[in-house]
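Working notes, structure below.
Keep in mind that the numbers below use all heavy atoms, side chains included, and drop hydrogens, waters and symmetry copies. From a predicted model like this one, the values you see are computed outputs, not experimental measurements. Note that ligands are numbered from 1 as they come in the structure, with each ligand's atoms numbered from 1 the same way.
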Amino acid sequence: MNRQRTLVMGVVNVTPDSFSDGGLWLNPTDAIAHGEELIAQGADLLDVGGESTRPGAVRPAAEIELERVLPVVRGLAGKAPVSVDTMRAEVARQVIDAGARIINDVSGGLADPGMLGIIAASGVEYVCQHWRGHGAVMNRLARYDDVVPEVIDELRARLQACEESGIDSEKIIVDPGLGFAKTAEQDWSILAHVDAFSVLGHRVLIGASRKRFLGHLLADREPASRDGATAAISVICAQQGIWAVRTHEVRGQRDAIAVVERIKRSQG
Ligand code: PMM
């Protein structure tokens with residue numbers, strides 16, 4: 001995969017209830033067509049998800065999650081590298097068999113004790129995100145004295161667990177988890193110090209796209225009209241050498257990153 005510039009991971013949510021695009025691509029044919037459209041717009045990889053992690057979300061049964069994501073993974077796996085956003089080991093096992101190359105686990109292995117073993121055994125890449133609890137409770141868990149060092153310390157503990165499970169360190173990507181047990185103020189602090197996460201020694205993924213903290217900044221404008229603000233964050237991520245941004249809209253994000261790369265070239 002290209003490591004020169006910040007990559008764009010296009011989001012394909014196959015859920016009825018995701019905050020920005022819930023229900024738009026629940027049918028596998030529509031979800032696959034949406035993934036193809038994101039590839040055409042320049043997505044470097046796709047992230048397929050069958051469970052909404054929004055605050056207050058009710059978890060679907062594992063069978064439902066599999067029914068949502070499996071046909072979409074099969075339909076897209078030959079067209080771009082496919083990541084699957086899941087916290088369940090059994091879902092991970094089946095989507096890896098179906099061609100997924102990355103497991104994006106927003107719980108960093110905390111939600112399912114079987115997850116890290118599956119990742120180690122399969123050798124796929126693994127997004128280890130900072131997490132403190134499921135959507136139903138996470139807003140209550142947003143308590144920090146100093147959010148950036150605490151998130152780094154908690155991620156370090158998860159990296160230790162990954163290592164103990166036998167996951168190849170090169171395969172791990174870390175993510176501070178904007179909005180996951182974090183207030184808007186804490187999200188801004190993380191972005192203000194996003195360079196600090198490089199101390200962990202792994203590639204860093206940032207998922208800011210259309211999130212609530214951007215809504216607060218933009219007078220609660222609806223999620224789909226937060227892509228300009230998301231692009232500003234993609235610029236900062238590109239300047240800071242972030243590995244990839246996870247976004248709902250792709251073309252504008254690729255353009256924003258291309259501008260940063262072009263300026264870097266002229267800086268020599
Ligand atoms: N955010 C959401 C879902 N999955 N995965 C990673 N690695 N990082 C994130 O920030 C992240 C994620 C929530 O957004 P969505 O409901 O629109 O997909």
Side-chain angles (χ1 to χ4, degrees), residues 6-26 31 34-35 38 43 45-60 65 68-69 72 82-88 91-92 100 102-111 115 119 124-132 134-135 138-139 142 151 155 158 172-182 184 186-188 190-191 194 197 200 202-215 222-227 229-230 233-234 237 242-250 253:
T6 295
L7 303 178
V8 176
M9 174 188 263
V11 179
V12 181
N13 278 330
V14 197
T15 56
D17 54 347
S18 288
F19 77 98
S20 108
D21 53 0
L24 289 180
W25 302 290
L26 245 187
H34 180 59
L38 295 182
L45 53 161
L46 297 174
D47 189 39
V48 178
E51 171 178 357
S52 168
T53 48
R54 68 185 293 165
V58 176
R59 300 197 73 189
E65 191 185 341
R68 290 177 184 165
V69 297
V72 181
V82 170
S83 156
V84 173
D85 189 337
T86 186
M87 291 182 263
R88 289 185 164 119
V91 174
I102 304 174
I103 296 299
N104 172 22
D105 177 2
V106 298
S107 83
L110 285 170
M115 179 63 97
I119 301 299
V124 295
E125 300 203 73
Y126 182 61
V127 177
C128 179
Q129 194 204 256
H130 177 260
W131 186 85
R132 284 184 166 183
H134 286 289
M138 71 181 175
N139 282 349
V151 169
L155 275 172
R158 298 318 302 152
I172 302 174
I173 297 141
V174 293
D175 183 333
L178 295 172
F180 287 81
K182 295 171 195 82
Q186 290 156 354
D187 288 335
W188 288 116
I190 286 171
L191 286 170
V194 75
F197 291 85
L200 292 167
H202 291 269
R203 292 169 285 167
V204 178
L205 172 68
I206 294 292
S209 185
R210 300 181 177 175
K211 278 188 177 165
R212 204 168 22 150
F213 72 101
L214 295 176
E222 64 184 52
S225 60
R226 298 174 192 166
D227 291 332
T230 302
I233 295 173
S234 293
C237 288
I242 294 301
W243 173 70
V245 289
R246 178 185 179 280
T247 63
H248 300 86
E249 184 271 345
V250 167
Q253 312 305 316

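When heavy-atom distances to ligand 1 are checked against a 4.0 Å cut-off, Asn13 comes that close only through its side chain, counted from C-beta outward. Within the 4.0 Å heavy-atom criterion, neither part of Ile206 lies near ligand 1.
Ring planes of His34 and Trp25: parallel class, angle under 30° (limits at 30 and 60°).
For the pair Thr53 and ligand 1, the shortest N or O to N or O distance does not fall below 3.5 Å. Remark: ligand 1 and Arg246 share an N or O pair separated by less than 3.5 Å (distance only, no angle test). Not a single N or O atom of Ser20, backbone or side chain, sits closer than 3.5 Å to an N or O atom of ligand 1.
Each of Ile233, Leu178, Asp227, Asp187 was scored for a side-chain contact (heavy atoms from CB on, under 4.5 Å) with Leu214, with one residue passing: Ile233.
Looking at atom 8 (N) of ligand 1, its nearest protein heavy atom turns out to be Asp175 OD2, 2.7 Å.
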Candidate pair His248 and Asn13, rule side-chain contact (heavy atoms from CB on, under 4.5 Å), full reasoning: CA-CA 9 Å; His248 300 86; Asn13 278 330; 4.0 Å; yes
CA sep, side-chain torsions, deciding dist, call: Met115, Tyr126, side-chain contact (heavy atoms from CB on, under 4.5 Å): CA-CA 10 Å; Met115 179 63 97; Tyr126 182 61; 4.0 Å; yes
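Shortest non-hydrogen contact noted between Ala57 and Ser52 is CB-O, 3.5 Å. In this structure, Ile173 and Val204 approach most closely via the heavy-atom pair CG2-C, 4.3 Å.
For ligand 1, the atoms lying closer than 4.0 Å to a non-hydrogen atom of Asp85 are 3 (C), 4 (N), 5 (N), 12 (C). Those atoms of ligand 1 that come under 4.0 Å of a heavy atom in Gln129, given as number and element, are 5 (N), 6 (C), 7 (N), 8 (N), 9 (C), 10 (O), 11 (C), 12 (C). Within ligand 1, the atoms closer than 4.0 Å to a non-hydrogen atom of Val106 are 4 (N), 5 (N), 12 (C), numbered from 1 in the order shown. Residue contact check: Leu205 has heavy atoms under 4.0 Å from atoms 7 (N) of ligand 1. Each of the following atoms of ligand 1 lies closer than 4.0 Å to a heavy atom of His248: 15 (P), 17 (O). Numbered from 1 in the order shown, with element, the atoms of ligand 1 that lie under 4.0 Å from a heavy atom of Val127 read 7 (N).
Using modelled atom types, no side-chain atom of His202 and backbone atom of Val174 make a donor-acceptor pair closer than 3.5 Å.
At least one side-chain heavy atom of Arg203 sits less than 4.5 Å from a side-chain heavy atom of Glu125.
Within the structure, the closest approach of Lys211 to ligand 1 falls below 4.0 Å when heavy atoms are considered. No heavy atom of Arg54 sits closer than 4.0 Å to any atom of ligand 1.
Here atom 7 (N) of ligand 1 lies nearest to Asn104 when heavy atoms of Asp105, Asn104, Thr86 are compared.
Among pairs with a residue in residues 49-59, those fulfilling salt bridge (charged side-chain N to carboxylate O under 4.0 Å, His left out) read Glu51-Arg59, at least two apart in sequence or across chains.
Taking the charged nitrogens against the carboxylate oxygens, Arg246 and Asp85 do have a contact shorter than 4.0 Å, which makes a salt bridge.
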